[in-house]
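This report concerns only the one structure given below.
We count residues from 1, following the sequence as given.
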Amino acid sequence: TLADGAEGQEKFIIHAVDGGSFILTPTTKTGWTTFTSLLAGDCISLRWTATQGWIVTGSFGGTIA
């Protein structure tokens with residue numbers, strides 16, 4: 001899970017080492033529910049806004065659902 005942030009906060013989450021997978025599920029978000037990573041190199045960047053929660057500002061690989 002990913003807890004709520006502070007206004008303007010940014011997160012960059014990178015699957016750095018192969019050998020597993022992960023599912024990211026933020027508490028509050030807009031336009032998406034989860035990010036699933038299966039491979040090293042998958043990544044997602046997020047920005048927190050008080051009115052919309054975590055919004056996706058970019059991604060590479062992985063699956064946004």
Side-chain angles (χ1 to χ4, degrees):
T1 62
L2 178 62
D4 291 349
E7 187 64 38
Q9 181 179 4
E10 295 181 321
K11 293 271 186 190
F12 303 95
I13 301 165
I14 302 167
H15 187 157
V17 178
D18 202 8
S21 62
F22 71 86
I23 299 173
L24 177 69
T25 307
T27 301
T28 307
K29 63 269 182 195
T30 295
W32 64 294
T33 304
T34 60
F35 175 74
T36 303
S37 172
L38 301 176
L39 302 170
D42 292 349
C43 56
I44 188 168
S45 58
L46 307 167
R47 183 188 242 323
W48 174 263
T49 68
T51 57
Q52 297 179 322
W54 290 109
I55 56 172
V56 176
T57 57
S59 68
F60 177 80
T63 303
I64 298 172

For His15 versus Ser37, what's the shortest heavy-atom pair and its separation? ND1-OG, 2.6 Å

Gap between atom OG1 of Thr1 and atom CD1 of Ile23 - 0.5 Å precision: 12.5 Å

Just how far is it from atom CD1 of Ile44 to atom OG1 of Thr36, taken to the nearest 0.5 Å? 9.5 Å

Taking all non-hydrogen atoms of both residues into account, name the closest pair between Thr33 and Pro26 and its distance. O-CD, 3.7 Å

May I have the list of side-chain donor-acceptor pairs in residues 56-65 shorter than 3.5 Å, sequence neighbours left out?
from	atom 1	to	atom 2	distance (Å)
Thr57	OG1	Ser45	O	3.2
Thr57	OG1	Ser45	OG	2.9

Is a side-chain donor or acceptor of Trp32 paired with a backbone partner of Trp54 at a separation under 3.5 angstrom? yes

Honestly curious: do Ile55 and Ile13 fall in one hydrophobic cluster under the side-chain, below-4.5 Å linking rule? no

Taking a hydrophobic cluster as the set of Ile, Leu, Val, Met, Phe, Trp and Tyr residues connected by side-chain heavy atoms closer than 4.5 Å, whether directly or through intermediates, do Phe35 and Ile14 fall within one such cluster? no

Can you tell if the side chain of Leu46 reaches within under 4.5 Å of the side chain of Leu24, non-hydrogen atoms only? yes

If you compare all heavy atoms of Leu38 against all heavy atoms of Asp42, which two are closest, and at what distance to 0.1 Å? N-OD2, 3.2 Å

